[in-house]
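The block underneath contains the structure these notes are about, expressed in structure tokens.
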Amino acid sequence: QVQLVESGGGLVQPGGSLRLSCAASGSIFTIMGWYRQAPGKQRELVANIISGGSTNYGDFVKGRFTISRDNAKSTVYLQMNNLKPDDTAVYYCNARMGMSSYWGQGTQVTVSS
């Protein structure tokens, strides 16, 4: 059974940093990444990373976030720096293998003074 367990969300002031983690179990995943969804908006890609190390980022990231992966631990990390109020959203971990896609339960990130 596939499980994705997220951690690291919370409340942070503008300009602050957070690190999200997602530990996966139950399979080996080719692509792991993070999406986010703000109230009233569509879910959007934040970043993903392929098992070989190639990465993709949403245009809004602009060098502020870094995704990394520990294949031995089946864990993906998202280091978020210089956070802005517009980054407030629920962040979801995603893991894909072939045609199968799995989602975590989501972790809230709130950027506010």
Between [X] (side chain only) and [Y] (backbone N and O only), is there a donor and an acceptor less than 3.5 Å apart?
{"X": "Asn94", "Y": "Tyr102", "answer": "yes"}
{"X": "Arg69", "Y": "Ile49", "answer": "yes"}
{"X": "Glu6", "Y": "Gly106", "answer": "yes"}

Is it possible for you to say whether [X] and [Y] belong to one hydrophobic cluster, with membership spreading through side-chain heavy-atom contacts below 4.5 Å?
{"X": "Val61", "Y": "Leu45", "result": "no"}
{"X": "Tyr35", "Y": "Leu78", "result": "no"}
{"X": "Leu11", "Y": "Val111", "result": "no"}

[Y] side chain reached by [X] side chain, heavy atoms, under 4.5 Å:
{"X": "Trp34", "Y": "Cys22", "value": "yes"}
{"X": "Pro85", "Y": "Ser112", "value": "no"}
{"X": "Val12", "Y": "Thr110", "value": "no"}
{"X": "Thr107", "Y": "Val90", "value": "no"}
{"X": "Val76", "Y": "Cys93", "value": "yes"}
{"X": "Ser74", "Y": "Phe29", "value": "no"}
{"X": "Val109", "Y": "Met80", "value": "yes"}

Looking only at heavy atoms, which two atoms of [X] and [Y] are closest? And how far apart?
{"X": "Val46", "Y": "Phe65", "result": "CG1-CD1, 3.6 Å"}
{"X": "Met32", "Y": "Ala24", "result": "CE-CB, 3.7 Å"}
{"X": "Gly8", "Y": "Leu18", "result": "O-CD2, 3.8 Å"}
{"X": "Asp87", "Y": "Arg36", "result": "OD1-NH1, 2.9 Å"}

Straight-line distance of [X] [atom1] to [Y] [atom2], nearest 0.5 Å:
{"X": "Phe60", "Y": "Lys84", "atom1": "CZ", "atom2": "NZ", "answer": "10.5 Å"}
{"X": "Ile31", "Y": "Ser101", "atom1": "CD1", "atom2": "OG", "answer": "9.0 Å"}
{"X": "Ser21", "Y": "Lys73", "atom1": "OG", "atom2": "NZ", "answer": "9.5 Å"}
{"X": "Ile67", "Y": "Asn48", "atom1": "CD1", "atom2": "CG", "answer": "6.0 Å"}

Item to check | Trace of the side-chain hydrogen bond (donor to acceptor under 3.5 Å, both in side chains) decision for Asn71 with Ser51 | outcome: CA-CA 7 Å; Asn71 288 328; Ser51 56; 5.8 Å; no

### Task
Using the six-membered ring of Tyr77, assess whether NZ or CZ of Arg19 lies under 6.0 Å from its centre and within 45 degrees of the ring axis.
yes

Measure from NZ or CZ of Arg43 to the centre of the six-membered ring of Tyr92 and say whether it is under 6.0 Å with the direction within 45° of the ring axis.
yes

(request) For Gln37, look at atom CD and say whether over 12 heavy atoms of other residues, nucleotides or ligands are found less than 6.0 Å away. (result) yes

message = side-chain hydrogen bond (donor to acceptor under 3.5 Å, both in side chains) for Ser17 and Asn81? Distances and angles first, verdict last.
response = CA-CA 4 Å; Ser17 298; Asn81 299 326; 2.9 Å; yes

Quick one: do Gln108 and Thr88 satisfy side chain to side chain contact (heavy atoms under 4.5 Å, CB included)? Show the steps, please. CA-CA 8 Å; Gln108 177 71 45; Thr88 296; 4.0 Å; yes

| message | Working note: Tyr57 + Thr66, criterion side chain to side chain contact (heavy atoms under 4.5 Å, CB included); need CA distance, chi angles, decisive distance, verdict. | response | CA-CA 9 Å; Tyr57 291 93; Thr66 302; 4.0 Å; yes

Q: Check step by step if side chain to side chain contact (heavy atoms under 4.5 Å, CB included) holds for Asn82 and Arg64.
A: CA-CA 6 Å; Asn82 191 21; Arg64 301 181 296 129; 3.9 Å; yes

